[in-house]
2 protein chains.
Amino acid sequence: METIRLYFDKFIKLNDSEWADFEKCIVKANIAKNEQILKQGEHANFIAFIQEGSFRFFYDKEGEVKITAFFFKGDFVSNYRSFLTGKSSDHFIEAMQEAVIYKINLQELKSLYDKHKNIERLGRLIAENLYLSVANRLDSFLFQTPAERYKGLIERNSRLLQDIPQYMIASYLGVKPETLSRIRKRK
Amino acid sequence: METIRLYFDKFIKLNDSEWADFEKCIVKANIAKNEQILKQGEHANFIAFIQEGSFRFFYDKEGEVKITAFFFKGDFVSNYRSFLTGKSSDHFIEAMQEAVIYKINLQELKSLYDKHKNIERLGRLIAENLYLSVANRLDSFLFQTPAERYKGLIERNSRLLQDIPQYMIASYLGVKPETLSRIRKRK
DNA sequence: ATCACTTATTGACTTTGGTCAAGAACTATT
DNA sequence: AATAGTTCTTGACCAAAGTCAATAAGTGAT
């Protein structure tokens, strides 16, 4: 548990009493490859911190699969919209590799927000952080071509993308697998 | 000032002492049409609440103008990314009509976060709220055609879009004015 | 090593939106 | 009302990505 505390320290350093309460609400889970930690139609009543492994966040309507996000080691994983609004998720979250996560439940997090100002602040910092990720991703669609998005993605994440099939990367970039194949060839 | 308090009450009800401190940090400003409240290259050291009027959030590189967002009455307006990261803004924010806003300075907001737990919470709620807006906008690019984006936009905002020229709406939707003109014709 | 299965590439063709240019419609000012 | 300046529409053509189908390459299991 101390290893995960170091990760949270990057957001905010909790004192021992705050951390003790926080720790009580965290549940460690080992996730098998291809296991789904959230299904379409469920409410995302948790947010989880990834200690090891990676996840895909995808939408599946009548066999048409679209990958909206990848989550890697060190990221928070959830359907944050569903988490915030209480509405049911339109996406699945599925482990792409064996994974270790620390889950915290929505209700418990809310009472931690009430109890500790610093955890309330942690909640703000997480929200701001997630805002920045999604704003960056939106920008990549507003201002970049698929080829530029691909270039940026591999520059930032080449190692993590190593064992992700190309058709999933294509979906994440918003193009068809054939198109990504052609993008890769032409440079 | 009491009218604006009602708006903030929708996020969180501040008690009189919290509100008194909050109010001290708020600066009312009257903005002329076409006035820029943030310029490219500046750091967005404020966040503002719109009491009246509307703004466009746009990027201008060598005459190529792209509208990334509109902000209306009741919205918070800023370059939130620049606000959070401290980096300079790559966008302008410009009033499309005469406007009345309440600005709060970044440093002052930070000390309010330190002083009042409820304002810290307000900060979280604002961040969560802005997350949801940008996530919805990203979804509109991931899952919708330009025609669907247009339909959704006018359904949600028809009144507010009344006096915005079509070429700006096209830019917001990520298409050229000619294309929007054709979309409108074909239905 | 072989076979089955999944993933990636390639080619031919279609669809959608972009580009460029001309003209029509609208607005504001005198 | 006339003019100038925007904004919007339309047409002809172009470019980029999608679709469909065939084949190649890669992966795992026996």
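All chains are named by letter (A, B, ...) in the order of the sequence lines, taking the proteins before the strands, and each is independently numbered beginning at 1. FYI, side chains are in, hydrogens and waters are out, and symmetry mates aren't considered; it's all heavy atoms of this structure.
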task: From the options B:Phe58, B:Phe71, B:Tyr59, select the one residue that forms a ring-ring contact (aromatic ring centres under 6.0 Å, His included) with B:His91.
output: B:Tyr59
query: In this structure, which one of B:Tyr7, B:Phe11, B:Phe72, B:Phe55 forms a ring-ring contact (aromatic ring centres under 6.0 Å, His included) with B:Phe49?
result: B:Tyr7
query: With the sugar-phosphate defined as primed atoms, P, OP1 and OP2, and the base as all remaining atoms, what B/S/- string results for nucleotides 18-30 of chain D, 5' to 3', for protein heavy atoms under 4.0 Å?
result: SBB----------
message: I need a per-nucleotide contact map over nucleotides 3-8 of chain C, read 5' to 3'. Cutoff is protein heavy atoms under 4.0 Å; write B for the base, S for backbone only, - otherwise.
response: ----SS
Does the pair [X]/[Y] count as a salt bridge with the N-to-O cut at 4.0 Å?
X        : Y        : answer
A:Lys39  : A:Asp60  : no
B:Glu155 : B:Lys151 : yes
A:Asp114 : B:Arg121 : yes

Between [atom2] on [N] and [atom1] on [X], what's the gap in Å once rounded to a whole number?
X        : N      : atom1 : atom2 : value
B:Ile169 : D:dT7  : CD1   : P     : 13 Å
B:Met96  : D:dT7  : CE    : C1'   : 16 Å
B:Ile183 : C:dT16 : CD1   : C1'   : 10 Å
B:Arg149 : C:dT16 : CZ    : C1'   : 12 Å

Positions of residues 139-148 of chain A (non-hydrogen atom under 4.0 Å from DNA chain C), listed by number: none
Solution key, residues 23-32 of chain A side-chain donor-acceptor pairs under 3.5 Å, sequence neighbours excluded:
residue: A:Glu23; atom: OE1; partner: A:Trp19; partner atom: NE1; Å: 3.3
residue: A:Lys24; atom: NZ; partner: A:Asp21; partner atom: OD1; Å: 2.9

- prompt: Would A:Tyr80 and A:Val134 count as a side-chain contact (heavy atoms from CB on, under 4.5 Å) if you check the C-alpha gap in whole Å, the side-chain angles of each, and the deciding distance to 0.1 Å?
  reply: CA-CA 11 Å; A:Tyr80 196 50; A:Val134 61; over 6 Å; no
statement: Residue pairs meeting ring pair (Phe, Tyr, Trp, His ring centres under 6.0 Å), one or both in residues 148-174 of chain B, sequence neighbours left out, come to B:Phe70-B:Tyr172
Just by distance, do the side chain of [X] and the backbone of [Y] share a donor-acceptor pair under 3.5 Å?
X        : Y        : result
A:Gln40  : A:Asp90  : yes
B:Asn136 : B:Leu132 : yes
B:Ser89  : B:Gly41  : no
B:Ser82  : B:His43  : no
A:Arg56  : A:Ile67  : no

message: It should be established whether A:Arg186 places a side-chain nitrogen or oxygen under 4.0 Å from OP1 or OP2 of nucleotide C:dT9.
response: no
End axis versus end axis in the helix from C:dA1-D:dT30 to C:dT30-D:dA1, the angle rounded to 10°, five pairs used at each terminus: 40°
